[in-house]
Asks: 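Here it is: the structure, laid out below.
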Amino acid sequence: MVKLAEWMGKGIFRKHGIPTPVGVVVRSAEEAEAATRTGRVPLPCVVKAQVLAGGRGKGGAVQFANTPAEAALATRSILALEFKGEKVREVLLEQKVSILREFYLSFALDRSLRMPILMASAQGGVEVESVPEEAILRIPIHPFVGLAGYERRQVIRLFGLSGPAAKSLDDLLDRAWGVFQSEDAELVEINPLGLVGSGVIALDAKVVIEDDAAFRHPEYSEVRDDRTPLEEIAREKGIAFVQLDGNIGVIANGAGLTMATLDVLAEFGGRPGVFLDLGGTDDPGKVTEAFLLMAKAMPRAVFLNIFGGVTRCDTVATGLVEAMKQVPASERFPLVARIRGNNEAEGVAILKSAGVTSLSDLKESVQATVRAAEVPVEAPRGTVA
Ligand code: GDP
Ligand code: MN
């Protein structure tokens with residue numbers, strides 16, 4: 001999922017001819033002062049944190065300024081925020097407009113309908129989750145037919161617009177649908193869509209690009225997304241690695257076994273904190289790399305659950321033993337291993353000679369892992385099980 005910051009979303013909107021307020025992105029109070037003093041951003045202006053979380057308006061991450069000094073002050077206070085866990089690094093300054101009405105508009109992928117869907121509400125400017133179901137118009141859009149004139153008129157009627165405002169909304173709907181399609185978006189949300197004078201204008205922008213289409217959009221490859229730094233490293237190395245909020249690490253092979261292992265751990269009271277899917281690899285080098293990455297996530301215990309099908313247990317064990325030697329003392333963790341299948345006996349023997357006893361029973365090994373994770377950190381944490 002490639003979530004774009006508001007200013008990038010608005011850049012795309014402008015490229016597609018959707019009106020947005022005049023604005024610039026700044027990274028310091030000095031820049032904000034200069035941008036407003038020189039008139040690059042007309043005053044009064046809106047000062048907006050560029051974070052991916054919503055609800056900025058209510059959370060003090062959207063402020064208003066009447067003078068360059070106020071713009072600098074607001075920018076400084078917003079840059080000092082950590083909004084819903086996200087550090088603010090960029091601030092969008094925009095000319096403040098007089099909003100007559102606020103609407104909600106989005107195009108999204110409805111996975112149960114397997115179609116894009118247009119959602120619109122005359123109650124905009126608040127989080128759509130808080131809008132009553134019956135106040136939201138939902139129109140599935142046939143992907144081949146596209147957004148039809150009568151569908152656009154339904155939205156115009158819902159918003160109660162006529163004359164030039166209706167014309168402007170009609171045009172914007174067409175262009176927003178164009179953004180959704182040509183940018184391979186899974187979400188294009190405008191909330192609020194403001195009625196300003198006799199036209200509509202996008203006052204906020206939330207654009208999410210489909211991961212599977214990312215290769216068609218190298219222009220977004222630099223975009224910060226929700227991967228953790230370790231997940232980022234893993235991605236570069238081609239390792240499937242996901243961090244969760246528990247404290248137990250899981251190394252398994254294949255998505256099915258990995259997911260099932262997480263479930264069984266949770267069933268026995270364990271909280272998975274990171275999982276790593278070795279996939280079909282038994283390349284000892286790759287196993288070593290993956291294991292070292294796991295160590296960096298500082299799990300309290302790690303459960304290695306390998307089924308040797310294509311993968312051979314002995315080569316996985318070799319990689320593992322090699323990796324264990326390279327883990328710095330400060331990053332060591334208790335390890336419980338369960339390797340079954342192809343060349344199992346050889347694999348177990350290799351682990352044994354390195355001091356790792358592997359258990360063959362799933363329940364037993366999961367319980368041993370959960371127990372190991374419960375041992376207080378102060379206690380010595382050797383390689384057990
Ligand atoms: P969000 O709360 O994170 O979705 O941030 P928004 O970009 O939607 O901004 C929050 C609110 O700020 C909007 O609902 C508007 O009421 C207000 N706002 C944003 N831009 C302007 C503007 O140019 N003029 C006025 N008067 N209000 C604005
Ligand atoms: Mn908004």
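Indexing begins at 1, ligand by ligand and atom by atom, following the structure's order.
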Asks: Tell me if the centroids of the rings in Phe303 and Phe275 come within less than 6.0 Å of each other.
Replies: no
Asks: Whether the Asn305 and Arg338 side chains hold a donor-acceptor pair (N or O, under 3.5 Å, no angle test) is what I'd like checked.
Replies: yes
Asks: Could you walk me through whether Arg101 and Leu161 satisfy the side chain to side chain contact (heavy atoms under 4.5 Å, CB included) test, starting with their C-alpha distance in whole Å, then the side-chain angles of each, then the deciding distance to 0.1 Å, before giving a yes or no?
Replies: CA-CA 11 Å; Arg101 290 179 60 196; Leu161 300 181; 4.1 Å; yes
Asks: Kindly print each ligand 1 N/O atom paired with any protein N/O atom under 3.5 angstrom away, one pair per line, or none if nothing qualifies.
Replies:
from, atom 1, to, atom 2, distance (Å)
ligand 1, 2 (O), Arg56, N, 3.2
ligand 1, 2 (O), Gly57, N, 2.9
ligand 1, 3 (O), Gly55, N, 3.4
ligand 1, 3 (O), Arg56, N, 2.9
ligand 1, 3 (O), Arg56, NE, 2.7
ligand 1, 4 (O), Asp204, OD2, 3.1
ligand 1, 5 (O), Arg56, NH2, 3.1
ligand 1, 7 (O), Lys48, NZ, 2.5
ligand 1, 7 (O), Arg56, NH2, 3.0
ligand 1, 7 (O), Asp204, OD2, 3.3
ligand 1, 8 (O), Asn191, O, 3.1
ligand 1, 8 (O), Asp204, OD2, 3.1
ligand 1, 14 (O), Glu102, OE2, 3.4
ligand 1, 16 (O), Glu102, OE2, 2.6
ligand 1, 23 (O), Val97, N, 3.0
ligand 1, 24 (N), Val97, O, 2.8
ligand 1, 26 (N), Val97, O, 3.3

Asks: Would Ser77 and Gln63 count as a side chain to side chain donor-acceptor pair (under 3.5 Å) here? Give the steps.
Replies: CA-CA 10 Å; Ser77 84; Gln63 298 180 18; 3.2 Å; yes
Asks: Is the count of non-hydrogen atoms from other residues, nucleotides or ligands lying under 6.0 Å from Asp245 atom CG greater than 12?
Replies: no
Asks: Quick check for you: with the Mn ion (ligand 2) as the vertex, what angle do O of Asn191 and OD2 of Asp204 span, to 10°?
Replies: 100°
Asks: NZ of Lys363: more than 12 outside heavy atoms within 6.0 angstrom?
Replies: no
